[in-house]
*Asks:* 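My questions all concern the structure below.
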Amino acid sequence: MKIFENPIEPPSIVKGWIDNKENHGSGIEVPVFYPGNGKQVSVLVEDTADDVEKAIASARKTFDTTSWAKLSVEKRIEILESCRQVILDNIDELALLECLGTGLILREIKGFHIQRAAYNFRFFAQYISQAHGERYDNTDGYLTLVNREPAGVVGLIAPWNAPMALATMKIAAAIAFGNCAILKPSEQTPFSLIKLANLLKDVLPEGVLNLVNGRGPVTGSSLVSNPGVDRISFTGGTVTGRQVMMDAGKQLTPCTMELGGKSANIVFASADYQRALDGALIGIFSNNGQQCLAGSRILVEEKIFDQFVEEFVQRTKKIVVGDPLHNETEIGPIASKQHMERILSFAEGVQKDGDKLLVGGKRLAEQKDGYFIEPTAVMASSNNSRVCQEEIFGPFASFISFKSEEEAISIANDTEFGLVSYVWSDHMPTILNVSESMRSGVVWVNTPMMRELRAPFGGYHNSGVGREGGYSCEQFYTEEKTISIPKTPLNLKKFGDK
Ligand code: NDP
């Protein structure tokens with residue numbers, strides 16, 4: 001049995017961050033594990049409602065009483081660029097801490113996640129450099145200006161599957177538009193984000209970025225339910241998202257919800273076959289299979305179905321699952337024991353549902369203490385199977401065949417979700433018809449996972465509410481204010497002057 005080393009000496013205790021200082025929370029200690037060996041590596045001190053209140057007070061004070069909200073665009077760009085540089089200067093340590101929390105592959109953390117985290121700050125720096133406003137003149141002699149002002153104190157709730165890349169999109173947007181933020185990372189993956197908050201203390205004034213740690217129903221829910229919060233930006237599961245929105249709704253706090261998916265990856269016989277096969281494997285197995293945008297329902301046209309499935313299975317058998325620190329590893333451990341057991345339960349239920357296991361479905365025995373599972377593929381008896389309707393959020397693909405474009409569209413849209421769709425074809429009318437027919441917020445044609453930050457990202461139905469991206473974030477993190485001024489002293493109707 002192999003025991004994988006911890007990627008980095010873990011901090012013995014993880015605390016919160018308020019007013020640019022560590023805050024020793026007043027809650028219980030929650031154990032944190034390294035998914036690569038299943039060992040407890042640290043404890044996190046949970047922040048209670050009192051700690052959350054303190055974090056909100058810090059953010060409010062900075063927002064209301066300092067120049068932060070009214071900084072010039074030039075100064076704000078400078079700050080965002082400095083945040084980016086701090087991340088790049090500390091890429092090795094941040095990457096190892098991200099690996100310690102998530103079990104994601106170090107090579108990919110360094111090559112993508114941390115780079116994206118740094119770029120998120122540059123992206124919003126560039127975005128605000130192009131900021132422009134609205135002004136209206138009317139024939140009655142009025143000038144009307146539309147201001148965009150920071151929303152205020154924003155609560156940012158991030159999941160465990162890509163903490164740095166996803167949380168920094170929220171932090172960078174919040175800062176770019178002049179807000180003060182309270183970040184709540186997942187209690188399973190606190191290491192990289194608390195390090196980031198520490199590193200940014202020389203760049204960001206006190207109170208601009210606070211961080212509270214703890215379990216969702218305790219710390220997260222205290223943040224969401226607090227009337228002192230002006231926005232909630234949430235990324236996580238659909239069930240949690242629904243709860244968050246109900247809690248926020250009591251205070252009428254506006255929310256964006258980036259939620260789950262069960263995305264259709266539709267492969268037509270007219271596709272570049274090899275590209276589609278490579279793309280289907282990337283679509284389901286990247287990021288250890290734990291991603292909202294995974295192409296987890298692979299729909300293949302009947303003419304090429306058998307060959308495509310067979311080649312997919314052969315390639316899946318050769319995937320290297322193992323130590324996330326090793327360069328040749330393609331899939332690392334699942335993020336937690338509980339999540340691993342949930343994924344395996346789908347494989348165990350396959351026969352009962354009339355589906356057929358094609359490959360995988362078991363825990364990897366030789367790496368027993370870590371949360372490693374075999375990459376898995378299943379032939380679904382129909383789109384109604386549990387493996388086609390529920391988000392598994394792991395390296396687990398389900399195959400379905402279709403005969404016509406209409407049938408592919410109908411199966412693809414037969415889901416409670418609507419985050420992403422993948423379309424593989426070299427026939428332009430098919431590409432256009434299918435793309436326009438998908439009930440999803442994003443469609444990727446002949447490519448997996450192209451995230452254009454200027455464009456909106458988010459889902460239909462149970463995949464979300466609102467969007468993230470340049471203009472979408474500007475709208476969410478700001479309030480619009482309309483100011484009307486007469487250009488000359490105009491005659492006013494007189495009351496009580498007779
Ligand atoms: P969860 O919904 O379990 O948790 C997300 C975050 O919410 C965590 O920080 C969690 O804290 C917190 N939380 C849990 N309960 C509450 C509550 N009652 N009030 C406030 N906060 C709460 O999701 P996961 O962390 O399991 O992430 C996986 C999910 O995220 C998947 O469904 C995936 O599809 C989705 N996702 C969506 C993306 C998108 O852009 N659409 C991107 C990435 C992931 P804690 O974990 O500490 O309990």
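Note that ligands are numbered from 1 as they come in the structure, with each ligand's atoms numbered from 1 the same way. Quick note: residue numbers are just sequence positions, from 1. Heavy atoms only: backbone and side chains are in, while hydrogens, waters and symmetry mates are out.
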*Asks:* So which heavy atom in the protein is nearest atom 25 (O) of ligand 1, and how far is it from that ligand atom?
*Replies:*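 Here the nearest protein heavy atom works out to Trp160 CD1, 2.9 Å.
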*Asks:* About how many Å separate CE of Met438 and CD1 of Ile409, when rounded to the nearest 0.5 Å?
*Replies:*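 Ile409 CD1 to Met438 CE: 5.5 Å, rounded to 0.5 Å.
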*Asks:* Taking the side chain from His339 and the backbone from Phe393, do they hold a donor-acceptor pair closer than 3.5 Å?
*Replies:* yes
*Asks:* Heavy atoms only, cut-off 4.0 Å: how does Thr219 contact ligand 1, side chain, backbone, both, or neither?
*Replies:*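 Neither part.
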*Asks:* Do Asp19 and Ser58 have a side chain donor and acceptor closer than 3.5 Å?
*Replies:* yes
*Asks:* Within ligand 1, which atoms have a heavy atom of Leu419 less than 4.0 Å away?
*Replies:* 41 (N)
*Asks:* Out of curiosity, Leu223 CG to Glu53 CD, how far, rounded to the nearest 0.5 Å?
*Replies:*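 Separation between the atoms: 10.5 Å.
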*Asks:* For Asp369, run the salt bridge (Lys or Arg N to Asp or Glu O under 4.0 Å) check against Lys337, Arg363, Lys39 and tell me which one passes.
*Replies:*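 Result for salt bridge (Lys or Arg N to Asp or Glu O under 4.0 Å) with Asp369: Lys39.
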*Asks:* Nearest to atom 40 (O) of ligand 1 by heavy atom, Glu258, Gln243, Gln338: which?
*Replies:* Glu258
*Asks:* How close does the nearest protein non-hydrogen atom get to atom 17 (C) of ligand 1, and which residue and atom is it?
*Replies:* Gly216 O, 3.4 Å
*Asks:* Within 45 degrees of the ring normal and closer than 6.0 Å to the centroid, is that where the cationic atom of Arg231 sits relative to Phe476?
*Replies:*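 That pair qualifies as a cation-pi contact.
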*Asks:* Cut-off 3.5 Å, side chains only: do Asn462 and Thr238 have a donor facing an acceptor?
*Replies:*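 The criterion, which ignores hydrogens and geometry beyond distance, is not satisfied for Thr238 and Asn462.
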*Asks:* Would you check the N or O atoms of Val244, main chain and side chain alike, for any that come under 3.5 Å of an N or O of ligand 1?
*Replies:*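 No, no N or O pair falls under 3.5 Å.
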*Asks:* How far is atom 23 (O) of ligand 1 from the closest protein heavy atom, and which atom is that?
*Replies:*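 Scanning the protein heavy atoms, the shortest distance from atom 23 (O) of ligand 1 goes to Gly237 N, 3.3 Å.
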*Asks:* Indicate yes or no: does Asp47 engage Lys15 in a salt bridge with an N to O separation below 4.0 Å.
*Replies:*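 So Asp47 does not pair with Lys15 through a salt bridge.
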*Asks:* Counting heavy atoms only, name the option from Pro159, Gly236, Ser186 that's nearest to atom 30 (O) of ligand 1.
*Replies:*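 Shortest heavy-atom distance from atom 30 (O) of ligand 1: Gly236.
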*Asks:* Pairs of nitrogen or oxygen atoms closer than 3.5 Å, one from Lys184 and one from ligand 1: do any exist?
*Replies:* yes
*Asks:* Identify the closest protein heavy atom to atom 38 (C) of ligand 1: which residue and atom is it, and at what distance?
*Replies:* Cys292 SG, 2.9 Å
*Asks:* Decide ring pair (Phe, Tyr, Trp, His ring centres under 6.0 Å) for Phe372 and Phe4; before the verdict, give the C-alpha distance in whole Å, the side-chain angles of both, and the deciding distance to 0.1 Å.
*Replies:* CA-CA 11 Å; Phe372 295 88; Phe4 296 130; 5.4 Å; yes
*Asks:* Got the closest protein heavy atom to atom 41 (N) of ligand 1, with its distance?
*Replies:* Leu259 O, 2.7 Å
*Asks:* Does an N or O anywhere in Leu166 fall below 3.5 Å from an N or O of ligand 1?
*Replies:*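 Between Leu166 and ligand 1 (N or O atoms, distance only) the closest approach is not under 3.5 Å.
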*Asks:* Any non-hydrogen atom of Pro185 lying under 4.0 Å from ligand 1?
*Replies:* yes
*Asks:* At what distance is the nearest protein heavy atom to atom 3 (O) of ligand 1, and which residue and atom is it?
*Replies:*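 Of every protein heavy atom, Thr240 OG1, 3.6 Å lies nearest to atom 3 (O) of ligand 1.
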*Asks:* Is there at least one pair of N or O atoms, one from Phe457 and one from ligand 1, spaced under 3.5 Å apart?
*Replies:* no
*Asks:* With respect to atom 20 (C) of ligand 1, which of Ala294, Gly220, Gly464 exhibits the smallest heavy-atom separation?
*Replies:*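 Comparing heavy atoms across Ala294, Gly220, Gly464, the nearest one to atom 20 (C) of ligand 1 lies in Gly220.
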*Asks:* Evaluate the criterion side chain to side chain contact (heavy atoms under 4.5 Å, CB included) for residue pair Glu258 and Met169; output intermediate values, then yes/no.
*Replies:* CA-CA 12 Å; Glu258 298 292 337; Met169 177 84 185; over 6 Å; no
*Asks:* Quick one: do His113 and Asn287 satisfy side chain to side chain contact (heavy atoms under 4.5 Å, CB included)? Show the steps, please.
*Replies:* CA-CA 10 Å; His113 293 252; Asn287 215 52; 3.0 Å; yes
*Asks:* Give the residue, atom name and distance (to 0.1 Å) of the protein heavy atom nearest atom 34 (O) of ligand 1.
*Replies:*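 Here the closest protein heavy atom is Glu391 OE2, 2.6 Å.
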*Asks:* Run the side chain to side chain contact (heavy atoms under 4.5 Å, CB included) check on Phe402 and Ser410 step by step: do they pass?
*Replies:* CA-CA 10 Å; Phe402 66 86; Ser410 155; over 6 Å; no
*Asks:* Is Thr238 in polar range of ligand 1, meaning some N or O pair under 3.5 Å apart?
*Replies:*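 In this structure, Thr238 places no N or O atom under 3.5 Å from an N or O of ligand 1.
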*Asks:* When you measure from atom 9 (O) of ligand 1 to every protein heavy atom, which one gives the shortest distance, and what is it?
*Replies:* Ala158 O, 2.8 Å
*Asks:* Using heavy-atom distances, let me know which of Val420, Val239, Asn161 sits nearest atom 44 (C) of ligand 1.
*Replies:*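 Comparing heavy atoms across Val420, Val239, Asn161, the nearest one to atom 44 (C) of ligand 1 lies in Asn161.
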*Asks:* Hey, is Ile157 touching ligand 1 through its side chain, its backbone, both or neither, going by heavy atoms under 4.0 Å?
*Replies:*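 Ile157 to ligand 1: side-chain contact only, backbone stays beyond 4.0 Å.
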*Asks:* Decide whether a cation-pi geometry holds between Arg454 and Tyr127; the criteria are a distance under 6.0 Å from NZ or CZ to the six-membered ring centre and an angle within 45° of the ring axis.
*Replies:*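 No, cation not above the ring by the 6.0 Å, 45° rule.
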*Asks:* Has Gly214 got any heavy atom lying under 4.0 angstrom from an atom of ligand 1?
*Replies:* yes
